[in-house]
Amino acid sequence: MPELPEVEVTRLSFASRIAGARIQSVVLGKPLRWPLGCEPQLLVGQQIVGVRRRGKYLLVDLQGGLLLVHLGMSGSLTFSAHAGPAGKHDHFDLHTSQGLLRLNDPRRFGAVVFAPTQNSPQAQKLLGKLGVEPLGDGFDLATFCALIKKRRAPIKQALLAGDVVVGVGNIYASEALFLAGIRPTTRCARVSRARLALLHQAVRSVLTRAVEKGGSTLRDFSNAQGESGYFQLEAAVYGRAGQPCRVCGSVVRAIRQGQRSTFYCPSCQKP
DNA sequence: CACGGATCCTGATGGC
DNA sequence: TGCCATCAGGATCCGT
């Protein structure tokens with residue numbers, strides 16, 4: 001489901017409300033992608049210090065460790081004062097003194113994993129190979145160019161891989177490449193430095209705008225307060241195959257790359 | 001080691 | 001309450 005903007009919007013919607021809460025009980029549903037990695041009882045009584053984000057992971061800091069929460073393709077979090085009974089797709093409930101944090105995830109590609117510290121093997125297995133944060137200071141153009149130039153894969157695949165820059169998923173990869181005027185199939189090494197500079201800026205701007213809009217283009221996205229209706233951000237190319245490009249009027253095309261849909265404008269985006 | 005494909009799972013949608 | 005194929009926001013694992 002969620003790319004960086006949706007994860008960040010989710011974080012912003014409950015981080016301050018859950019901070020300081022004490023965990024009262026943990027209820028697990030069906031298995032998620034990975035096991036929790038500790039006895040649920042270990043969490044009970046711990047205080048929640050805060051919620052950070054790394055890539056598409058939410059890091060729920062506890063006094064004695066942290067929970068790494070990933071929403072996979074179809075996950076969403078809610079945090080509410082009054083807890084209803086768990087539904088069919090509610091697979092992780094964290095009852096706290098300040099409300100219930102609940103993960104709903106029909107496809108169960110998501111996960112909640114406990115780690116004793118962020119440097120522990122459990123955490124590093126998931127976080128250790130992640131690329132730089134696109135909205136942070138570490139996302140500098142020279143490093144971005146150097147890493148991309150080393151590769152031979154199509155540029156879109158490199159964006160999605162997450163080991164150069166994190167948080168860019170299938171929707172925003174197509175959107176950023178459109179903004180930069182780069183054909184998604186172009187091999188990394190063949191993208192000019194000038195266009196990589198445009199792409200570097202496009203990644204920042206498309207993600208920033210999506211966070212500001214409250215999480216985008218996703219049809220069924222809602223934040224942890226259950227607020228939806230955030231669909232103001234119009235995609236330039238994603239999901240618009242056969243429709244006219246908003247810039248030049250050419251017909252937007254859809255192709256498959258690595259089992260994922262890619263959309264582009266054949267005249268605005270040059271190979 | 002970098003790459004491409006298969007894979008986990010459920011639900012929505014559209015053709016027949 | 002039809003059946004079947006295809007597709008969906010992710011990312012790991014495995015063979016080459």
Side-chain angles (χ1 to χ4, degrees), chain A residues 1-11 29-35 37 53-58 68-77 87-92 103-113 121-131 146-177 184-190 203 206-207 210-211 213-223 228 230-231 233-235 237-242 254-263:
Chain A
M1 142 213 189
E3 305 185 27
L4 183 149
E6 291 74 32
V7 176
E8 179 64 8
V9 168
T10 297
R11 187 185 74 82
K30 287 186 181 180
L32 293 161
R33 177 167 194 169
W34 298 298
R53 180 188 56 75
R54 177 74 176 98
K56 295 171 190 167
Y57 288 92
L58 287 174
L68 295 93
V69 180
H70 199 292
L71 303 178
M73 291 275 261
S74 57
S76 61
L77 283 177
K88 186 178 180 184
H89 299 303
D90 295 329
H91 300 305
F92 182 86
L103 174 65
N104 181 275
D105 187 1
R107 292 177 73 180
R108 290 190 282 123
F109 289 174
V112 181
V113 175
Q122 296 96 312
Q124 284 303 303
K125 183 181 177 196
L126 301 180
L127 305 177
K129 292 187 176 174
L130 294 183
L147 290 176
I148 291 291
K149 283 289 188 184
K150 281 187 206 169
R151 305 200 166 210
R152 271 164 299 163
I155 183 69
K156 191 213 175 195
Q157 313 267 57
L159 282 181
L160 283 183
D163 51 356
V164 175
V165 58
V166 294
V168 183
N170 202 42
I171 292 178
Y172 298 116
S174 280
E175 294 297 302
L177 288 165
T185 49
T186 305
R187 303 266 152 185
C188 287
R190 300 200 52 217
V203 166
V206 75
L207 296 178
V211 172
K213 288 287 186 180
S216 122
T217 56
L218 301 190
R219 273 187 293 280
D220 55 1
F221 173 73
S222 61
N223 68 22
S228 60
Y230 283 99
F231 315 142
L233 194 64
E234 285 199 324
V237 288
Y238 186 86
R240 300 193 64 245
I255 58 174
R256 305 279 301 173
Q257 291 181 285
Q259 335 290 95
R260 315 296 299 279
S261 298
T262 299
F263 300 86

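Convention: sequence-line order gives letters A, B, ...; per-chain numbering from 1. Excluded from the calculations below are hydrogen atoms, water molecules and symmetry mates; all remaining heavy atoms, backbone and side chain alike, are included.
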*Asks:* Applying the side-chain hydrogen bond (donor to acceptor under 3.5 Å, both in side chains) test to A:N170, which of A:K156, A:E175, A:E3 qualifies?
*Replies:*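 It is A:K156; the other options fail the test.
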
*Asks:* Whole-Å distance between C:dA11 C1' and A:L130 CG?
*Replies:* 10 Å

*Asks:* Which whole number of Å gives the distance between the P atom of C:dC3 and that of B:dC9?
*Replies:* 23 Å

*Asks:* How about A:L77 and A:L58: do any of their side-chain heavy atoms sit closer than 4.5 Å?
*Replies:* yes

*Asks:* Could you tell me which residues satisfy side-chain hydrogen bond (donor to acceptor under 3.5 Å, both in side chains) with A:K56, sequence neighbours excluded, listed by chain and number?
*Replies:* none

*Asks:* Grab the CG-C1' distance between A:L103 and C:dG10 for me, whole Å please.
*Replies:* 14 Å

*Asks:* Is the base of C:dA11 stacked against the aromatic ring of A:F109, taking ring centres under 5.5 Å apart and planes under 30° as the test?
*Replies:*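 Per 5.5 Å and 30° rule: no stacking.
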
*Asks:* Using a heavy-atom cut-off of under 4.0 Å over every strand shown, decide if A:K88 touches base, sugar-phosphate, or nothing.
*Replies:* sugar-phosphate

*Asks:* Return the set of residues passing side chain to side chain contact (heavy atoms under 4.5 Å, CB included) with A:R152 (not counting sequence neighbours), or none when no residue passes.
*Replies:* none

*Asks:* Quick one: is B:dC9 close enough that its OP1 or OP2 comes under 4.0 Å of any side-chain N or O from A:K30?
*Replies:* no

*Asks:* Is the phosphate of C:dG10, meaning OP1 or OP2, less than 4.0 Å from a side-chain N or O of A:H70?
*Replies:* no

*Asks:* Pick the nucleotide of DNA chain B nearest each of A:R33 and A:H89; which residue has the one closer to the 5' end?
*Replies:* A:R33

*Asks:* Take atom CG of A:L4 and atom P of C:dA11, then tell me their distance rounded to the nearest Å.
*Replies:* 11 Å

*Asks:* Taking side chain to side chain contact (heavy atoms under 4.5 Å, CB included) as the definition, give me every residue that meets it alongside A:Q122, ordered by chain and number, with sequence neighbours left out.
*Replies:* A:A115, A:P116, A:S120

*Asks:* Rounded to whole Å, please give me the gap between CG in A:L32 and P in C:dA11.
*Replies:* 15 Å

*Asks:* Return the set of residues passing side-chain hydrogen bond (donor to acceptor under 3.5 Å, both in side chains) with A:R53 (not counting sequence neighbours), or none when no residue passes.
*Replies:* A:E8, A:E133

*Asks:* Provide the full list of salt bridge (charged side-chain N to carboxylate O under 4.0 Å, His left out) pairs with a residue in residues 103-112 of chain A, sequence neighbours left out, each pair given once.
*Replies:*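 Residue pairs passing salt bridge (charged side-chain N to carboxylate O under 4.0 Å, His left out), neighbours aside: none found.
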
*Asks:* What's the CG-P distance between A:N104 and B:dG11, to the nearest Å?
*Replies:* 11 Å

*Asks:* Choose from C:dG10, B:dT10, C:dT12 the nucleotide whose nearest atom is closest to any side-chain atom of A:R107.
*Replies:*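 My answer, after comparing the listed nucleotides, is B:dT10.
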
*Asks:* If the condition is side-chain hydrogen bond (donor to acceptor under 3.5 Å, both in side chains), which residues does A:R151 pass it with, not counting sequence neighbours?
*Replies:* A:D163

*Asks:* My understanding is that only residues two or more places apart in sequence, or in another chain, count here; which of them pass ring-ring contact (aromatic ring centres under 6.0 Å, His included) with A:H70?
*Replies:* A:Y57

*Asks:* Got a list of protein N/O to nucleotides 3-6 of chain B N/O distances below 3.5 Å?
*Replies:*
{"residue": "B:dC3", "atom": "OP1", "partner": "A:R152", "partner atom": "N", "Å": "2.8"}
{"residue": "B:dC3", "atom": "OP1", "partner": "A:A153", "partner atom": "N", "Å": "3.1"}

*Asks:* With A:A241, which residues qualify under side chain to side chain contact (heavy atoms under 4.5 Å, CB included), at least two apart?
*Replies:* A:A254, A:F263

*Asks:* For a 4.5 angstrom cut-off between non-hydrogen side-chain atoms, does A:Y172 reach A:V203?
*Replies:*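 They are not in contact (no side-chain heavy atoms under 4.5 Å apart), so the answer is no.
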
*Asks:* Which whole number of Å gives the distance between the P atom of C:dT12 and that of B:dG11?
*Replies:* 25 Å

*Asks:* How long is the line joining NE2 of A:H91 and P of B:dC9, in whole Å?
*Replies:*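 A:H91 atom NE2 is separated from B:dC9 atom P by 12 Å.
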
*Asks:* Check the distance between C:dG10's P and A:L71's CG and give it to me in whole angstrom.
*Replies:*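 Going from CG in A:L71 over to P in C:dG10 covers 11 Å.
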
*Asks:* Return the 5'-most residue of the pair A:L126, A:S261 with respect to DNA chain C, ranking by each residue's nearest nucleotide.
*Replies:*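 Going by which nucleotide is closer to the 5' end, it is A:S261.
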
*Asks:* Give me the stems containing DNA chain C, sorted by first residue, counting only three or more consecutive Watson-Crick or G-U pairs with both distances under 3.5 Å; say none if there aren't any.
*Replies:* B:2-8 with C:10-16, B:10-16 with C:2-8

*Asks:* Excluding sequence neighbours, so at least two apart, what forms side-chain hydrogen bond (donor to acceptor under 3.5 Å, both in side chains) with A:S261?
*Replies:*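 A:S261 satisfies side-chain hydrogen bond (donor to acceptor under 3.5 Å, both in side chains) with A:R256 only.
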
*Asks:* To the nearest Å, how far apart are A:L160 CG and C:dA8 P?
*Replies:* 13 Å

*Asks:* Counting side-chain heavy atoms from C-beta on, which of C:dG10, C:dT12, C:dA8 comes nearest to A:R260?
*Replies:* C:dG10

*Asks:* Closer than 4.0 Å, any side-chain N/O of A:K129 to the OP1 or OP2 of C:dA11?
*Replies:*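 No, because none of the side-chain N or O atoms of A:K129 sits under 4.0 Å from OP1 or OP2 of C:dA11.
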
*Asks:* Using nucleotides 14-16 of chain C, report all nitrogen or oxygen pairs with the protein that are shorter than 3.5 Å.
*Replies:*
none

*Asks:* Just so I know, are the side chains of A:K149 and A:C188 near enough to count as touching, which here means a heavy-atom distance under 4.5 Å?
*Replies:* no

